Amino acid sequence: DGPNMFHIDYVNSAGGIEIQVTNSDPLDRIRNIRVQRAEDIGKFWNPEFLDLCAPFKVLRTMDWQKTNNSRDKEWSDRTLPHAHNQVDGVAYEHMLDLCEITHTDAWICVPHQASDEYVRALAELCFRGLTTQKLWLEYSNEVWNDQFTQATYCRQKGTALGLGDPNEAKLRYYAKRSVEIFSIFDQVYGSLAKERLVKVLAGQAEAWGFAPITLDARVKWLPAGASL
């Protein structure tokens, strides 16, 4: 139907579509393969998906980021927008773009092992990429949940710092690192921080005793004159 384009008549079924590349020129390999409905050619987002997102005020990207058990440490570890595989984590750029298009706030979870350099680069990207909506900011996800590696990581870090027994140390380190991340984002956002950032400290509904430990620790680690 056009240069480098094929039209396929497809009847929807549970089997889906499989594409096999059996031959390709080594000097000009087949690349940038896209499978789209004819009416969506040239559109990045499926209009039906955008309609699905429309009723929501905030989109939390925790699972899209593969936050649980994340292995990201440095900024170079993240998924890039042009990566052929977005299954192991969707690029931040795509998530921010979706929120801008659908006029929803973005709720980003910072990987538990992310370095300060990673956090600052993420803050700068969010500042540039999300200009009309607020950014909800959370350190990792469910650090109290021992089935995830972020819980083990925070326990080890907190214990090494002498922040109490292993369980309390885990929660206090979560508060400490959260405040450090919030501070980096505050520096990047400057005078717009209060207007554009929503800072999240999470707890567990079925274990309400975790929250006071986290909140009390948060006060200890706040910079002078800062608020949450």
Side-chain angles (χ1 to χ4, degrees), residues 58-62 64-81 89-97 99-100 104-144 148-158 160-161 163 169-203 213-228:
V58 183
L59 295 180
R60 187 170 185 252
T61 60
M62 184 270 292
W64 255 16
Q65 294 178 238
K66 298 294 183 181
T67 300
N68 294 327
N69 308 314
S70 173
R71 291 176 291 184
D72 281 11
K73 295 180 181 179
E74 303 303 330
W75 189 235
S76 58
D77 297 330
R78 76 194 188 284
T79 301
L80 297 175
V90 175
Y92 290 114
E93 289 86 346
H94 294 329
M95 293 183 280
L96 297 175
D97 180 58
C99 290
E100 284 283 279
T104 54
D105 292 350
W107 185 330
I108 296 290
C109 297
V110 178
H112 63 279
Q113 299 182 87
S115 66
D116 284 353
E117 291 74 20
Y118 185 117
V119 175
R120 185 170 298 278
L122 176 58
E124 292 171 350
L125 176 64
C126 291
F127 183 79
R128 298 190 307 269
L130 194 71
T131 59
T132 63
Q133 304 300 131
K134 290 184 177 181
L135 177 71
W136 294 55
L137 182 61
E138 180 181 7
Y139 173 47
S140 191
N141 172 67
E142 293 189 9
V143 299
W144 44 263
F148 300 135
T149 57
Q150 57 260 37
T152 302
Y153 178 86
C154 287
R155 181 187 297 108
Q156 292 173 344
K157 287 288 189 179
L161 292 172
L163 300 182
K170 172 178 60 179
L171 299 173
R172 288 176 178 140
Y173 181 79
Y174 165 66
K176 176 181 183 296
R177 187 56 181 156
S178 293
V179 169
E180 291 171 350
I181 290 169
F182 298 157
S183 296
I184 292 173
F185 271 75
D186 280 342
Q187 294 168 17
V188 172
Y189 276 69
S191 61
L192 296 176
K194 289 186 177 180
E195 175 185 337
R196 291 175 55 182
L197 293 177
V198 179
K199 302 164 186 174
V200 178
L201 277 176
I213 297 173
T214 300
L215 292 173
D216 289 347
R218 174 264 305 177
V219 174
K220 176 180 180 180
W221 301 112
L222 277 176
S227 61
L228 185 62

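Worth saying up front: this structure is predicted, and the values here are computed from it rather than measured. As a basis for the values below, the full set of heavy atoms in this structure was taken, side chains included, without hydrogen atoms, waters or symmetry mates.
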- Report yes or no: does Arg196 contribute a side-chain atom to a donor-acceptor pair with the main-chain N or O of Ala193 at less than 3.5 Å? no
- Which residues pass the side-chain contact (heavy atoms from CB on, under 4.5 Å) test with Gln133, sequence neighbours left out? Glu100, His103, Asp105, Leu130
- Nearest non-hydrogen partners of Cys154 and Val143, listed with the distance: SG-CG1, 4.1 Å
- Query: Just how far is it from atom OH of Tyr173 to atom CZ of Arg155, taken to the nearest 0.5 Å?
  - Reply: 14.0 Å
- Ser115 (side chain) donor-acceptor with Tyr118 (main chain) under 3.5 angstrom: yes
- Test side-chain contact (heavy atoms from CB on, under 4.5 Å) applied to Gln65 - qualifying residues, sequence neighbours left out: Thr61, Thr67, Tyr92, Met95, Ile108, Cys109
- Query: Taking only residues two or more places apart in sequence, or in another chain, which ones meet Thr152 in a side-chain hydrogen bond (donor to acceptor under 3.5 Å, both in side chains)?
  - Reply: none
- Between Val200 and Leu137, is a side chain to side chain contact (heavy atoms under 4.5 Å, CB included) present by the stated rule, with each step listed? CA-CA 6 Å; Val200 178; Leu137 182 61; over 6 Å; no
- Task: Name the orientation class of the two ring planes belonging to Tyr139 and Tyr174 (parallel below 30°, tilted from 30 to 60°, perpendicular beyond 60°).
- Result: parallel
- Task: First locate atom CG of Leu135, then atom SG of Cys99, and finally report the distance between them rounded to the nearest 0.5 Å.
- Result: 9.0 Å
- Message: Let me confirm one number: the NZ-CD1 distance from Lys176 to Ile181, rounded to the nearest 0.5 Å.
- Response: 10.5 Å
- Note on the structure: Correct closest heavy-atom pair for His112 and Ser70 would be CE1-O, 3.1 Å
- Note on the structure: Those residues at least two apart in sequence (or on a different chain) that pass side-chain contact (heavy atoms from CB on, under 4.5 Å) with Lys66 are none
- Taken in chain and number order and not counting sequence neighbours, the residues that satisfy side-chain hydrogen bond (donor to acceptor under 3.5 Å, both in side chains) with Asn69 are Thr149
- Message: Treating Lys157 as the side-chain partner and Lys170 as the backbone partner, does any N or O pair qualify as donor plus acceptor under 3.5 Å?
- Response: no
- State, yes or no, whether a side-chain contact exists between Gln150 and Asn141 at a heavy-atom distance under 4.5 Å. yes
- Quick one: salt bridge (charged side-chain N to carboxylate O under 4.0 Å, His left out) pairs with a partner in residues 113-134, sequence neighbours left out? Asp116-Arg177
- Task: Please step through side chain to side chain contact (heavy atoms under 4.5 Å, CB included) for the pair Leu197 and Trp136, ending with a clear verdict.
- Result: CA-CA 6 Å; Leu197 293 177; Trp136 294 55; over 6 Å; no
- Message: Return the CG to OG1 distance between Leu192 and Thr131, rounded to the nearest 0.5 Å.
- Response: 11.0 Å
- Message: Measuring only between side-chain heavy atoms, which start at C-beta, is Thr104 closer than 4.5 Å to Val58?
- Response: no
- Item | With Asp97 via side-chain hydrogen bond (donor to acceptor under 3.5 Å, both in side chains) - residues at least two apart | Trp45
- Measure across Cys126 and Leu96 and return the closest heavy-atom pair with its distance rounded to 0.1 Å. CA-CD1, 3.9 Å
- Query: Say you draw a straight line from NZ of Lys199 to OG of Ser178; how long is it, rounded to the nearest 0.5 Å?
  - Reply: 11.5 Å
- Message: Once rounded to the nearest 0.5 Å, what's the spacing between atom CG of Leu171 and atom CD1 of Ile213?
- Response: 5.5 Å
- Message: Distance alone, cut at 3.5 Å: any donor-acceptor contact between the side chains of Asn68 and Glu142?
- Response: no
- Item | Residue list, side-chain hydrogen bond (donor to acceptor under 3.5 Å, both in side chains) with Trp107, at least two apart or on another chain | Glu138
- Excluding sequence neighbours, so at least two apart, what forms ring pair (Phe, Tyr, Trp, His ring centres under 6.0 Å) with Phe127? Tyr189
